[in-house]
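Below, read A as the first sequence line, B as the second, and so on, with proteins coming before strands; counting in each chain starts at 1. Only a predicted model underlies this, so the values are computations on that prediction, with no experimental measurement involved.
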Amino acid sequence: MAKNLTPRKSDYSRWYNDLVIQADLADNSGVRGCMIIKPYGFAIWEKIQAELDHRFKETGHVNAYFPLFIPKSHFSKEADHVEGFAKECAVVTHYRLKNNPDGPGIVVDETAKLEEELIVRPTSETIIWDTYKKWVQSYRDLPILVNQWANVVRWEMRTRLFLRTSEFLWQEGHTAHATENEAIFEAKQMLDVYGDFVEEHMAIPVVRGTKSSNERFAGALETYCIETLMQDGKALQAGTSHFLGQNFAKAFDVKFQDKNGEMNYVWGTSWGVSTRLMGALIMTHSDDNGLVLPPKLAPTQVVIIPIYRGEEELLKLDAVVKGLLEKLKKIGIRVKYDNRDTYKPGWKFNEYELKGVPVRIAIGPRDLEKGTVEVARRDNLSKESVKLEMLDSHIESLLNEIQEQLFIKSKVSLEDNIHIVDNWNSFKLALDKGGFVSAHWDGTPETENKIKELTKATIRCIPLNNEKKDGLCILTGNPSSERVLFARAY
RNA sequence: CGGGAUGUAGCUCAGGUGGUAGAGUACACGGCUGGGGGUCGUGUGGUCGCAGGUUCAAGUCCUGUCAUCCCGACCA
């Protein structure tokens, strides 16, 4: 049992914080809301990045990089967009410091004031659309399918490691198309890329849907999203894909000549996922002993711990393990042999449990005699004895089983926590229980706002492939054509 | 951004009414150990978040500031 990890039951958000710090994923920094992603946390992020990048390229996208700074004038061109982000922008006003003439330290050099302030990007639509204007003349220049991996800054009031930080890492795709249908197809396609990745790779089940107008991206006509449910019953938006219509094209005057020689505005999309996925990963699978990682994302999938007394015994084990390592690496398993003499076996067990390594192999003199090893799973903490000669195939299928089991477990939990309600009282009760609440809504922003005010719950999404079935709005009793999912959210 | 709390050794914290800085843990060295964070001994380690102020004297009192946590508002 971990020493200082707060149990989930006693304080879920403290458990989360403790876990992030103790599992060596990230730490707070000296700058408000900005985190240090530590090597172990970053290794997991790199796994996420690598797989997503692969999937983006499989769907025809290419990577590029745009500047961190956005001139203020660009930023203000799309009205809804400004409205949405203005309150949380970091602004660069000067470009030089000087020694404090009145004492120690260093001060801003007031003579070095920028003519036009620069905004640190909270997202890159504006600078990218300003660029696309130069890239697009003809239908032959379309589509543009660009992604960038970057950091962005949003001056958040209340931050939490990975879930909401002032600076975060993400990717943002920005595409431009000749037709509306093509752009809508793209936005939906990317939602599926996200959904499939999160389910298959992160073992996190998602609900795919669209946002209500209240929750829609500033400047978008439609926001598609994947929503997930955390262990404490709160929802977490894991990714979004926006159909931008011609809003940004019009704001930045991005026109092209079509096959008939007519001038048209291009159609756009943007889509992104961020280091917030790390938060989703942590909160979906982990337990009171620490992190639980799905094998596909674990930087180390298998750790081998020798148990011995004296150097002689260790040397014997080293020789046996050497062969095991070769066998496991040959079939593509990320395995680590921790034969450090500076830590004891019990300490190591706890350490790798805290860090969520999916499989632990312990090998000692007793095993050598019997020709076996002890194999322990992180997800359900079970242990078994496995014959040495069977080990590689056993581990391979075990990793697959763990990946699958983690998904099934969270999927069951998600489904068990979608509550269907038809009146206001049970609506409130269901929200207090946690989870998604499926209810009718009259489709107006006013009603959604009122519900938010009364319950702190928002519409997380209107599920795609939702059953169209008439009903009455949970609050107003007005007619509604389908159910939507409400929840309290991160 | 409003309310509350906190900031002292790497970490967790103790230090009434101002008077030479403490513990546990971690770390270093050594012994016994080793199948779930072992144990005994010795030792290293602190401009008390930062900047001012009051005072003969400030970890302690005052002002400001930065950061963290909790509650609220905000959060494409």
I'd like to know if [X] reaches the base of [N] with its side chain such that a donor and an acceptor end up less than 3.5 angstrom apart.
| X | N | answer |
| --- | --- | --- |
| A/E83 | B/rA76 | no |
| A/K456 | B/rG72 | no |
| A/K344 | B/rG38 | yes |
| A/R360 | B/rG36 | yes |

Enclosure of A/W347 CH2 (heavy-atom neighbours >12, cutoff 6.0 Å):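 Counting other residues, nucleotides and ligands, CH2 of A/W347 exceeds 12 neighbours.
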
Considering only side-chain heavy atoms of [X], which listed nucleotide, [options], is closest?
| X | options | value |
| --- | --- | --- |
| A/N17 | B/rA76, B/rC69, B/rG35 | B/rC69 |
| A/N28 | B/rU68, B/rC27, B/rA76 | B/rU68 |
| A/A362 | B/rG35, B/rG34, B/rC69 | B/rG35 |
| A/E156 | B/rG36, B/rC27, B/rC75 | B/rC75 |
| A/M157 | B/rC1, B/rG34, B/rC75 | B/rC1 |
| A/E88 | B/rC75, B/rG34, B/rG37 | B/rC75 |
| A/R164 | B/rU33, B/rG35, B/rC75 | B/rC75 |

Below 4.0 Å: OP1/OP2 of [N] and any side-chain N or O of [X]:
| X | N | value |
| --- | --- | --- |
| A/R32 | B/rC66 | no |
| A/R158 | B/rC71 | yes |
| A/S13 | B/rC70 | yes |

Can you tell me, in whole Å, how much space there is between the [atom1] of [N] and that of [M]?
| N | M | atom1 | answer |
| --- | --- | --- | --- |
| B/rU6 | B/rC13 | P | 12 Å |
| B/rC11 | B/rG7 | P | 14 Å |
| B/rA58 | B/rU17 | P | 16 Å |
| B/rU42 | B/rC71 | P | 45 Å |
| B/rC27 | B/rG45 | C1' | 9 Å |
| B/rU12 | B/rC70 | P | 15 Å |
| B/rU60 | B/rC48 | P | 9 Å |
| B/rG41 | B/rG24 | P | 11 Å |

In terms of the nearest nucleotide of RNA chain B, which residue is placed more toward the 5' end: A/W347 or A/F217?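 It is A/W347, whose closest nucleotide lies nearer the 5' terminus.
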
Note: for A/N214 and A/V373 on RNA chain B, the residue whose nearest nucleotide lies more 5' is A/V373

Distance-only polar pair, side chains of [X] and [Y], donor-acceptor under 3.5 Å:
| X | Y | value |
| --- | --- | --- |
| A/K336 | A/Y352 | yes |
| A/W149 | A/D53 | yes |
| A/N214 | A/S212 | no |

Stepwise, does the side chain to side chain donor-acceptor pair (under 3.5 Å) test hold for A/T458 with A/R460? CA-CA 6 Å; A/T458 49; A/R460 299 322 303 157; 2.7 Å; yes

Opposite nucleotide pairing with [N], Watson-Crick or G-U, both atom distances under 3.5 Å:
| N | result |
| --- | --- |
| B/rG43 | B/rC27 |
| B/rC48 | none |
| B/rU55 | none |
| B/rC32 | B/rG38 |
| B/rA21 | none |
| B/rA5 | B/rU68 |

Distance check needed: [N] [atom2] versus [X] [atom1], whole Å only.
| X | N | atom1 | atom2 | result |
| --- | --- | --- | --- | --- |
| A/D367 | B/rG34 | CG | P | 16 Å |
| A/D18 | B/rC69 | CG | C1' | 11 Å |
| A/I363 | B/rG36 | CD1 | P | 16 Å |

According to the interplanar angle, ranging from 0 to 90°, do the rings of A/F252 and A/H74 count as parallel (below 30°), tilted (30 to 60°) or perpendicular (above 60°)? perpendicular

Looking at A/N247 and A/L221, would you say the former's side chain and the latter's main chain have a donor-acceptor pair under 3.5 Å?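 Looks like no, no N/O pair under 3.5 Å.
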
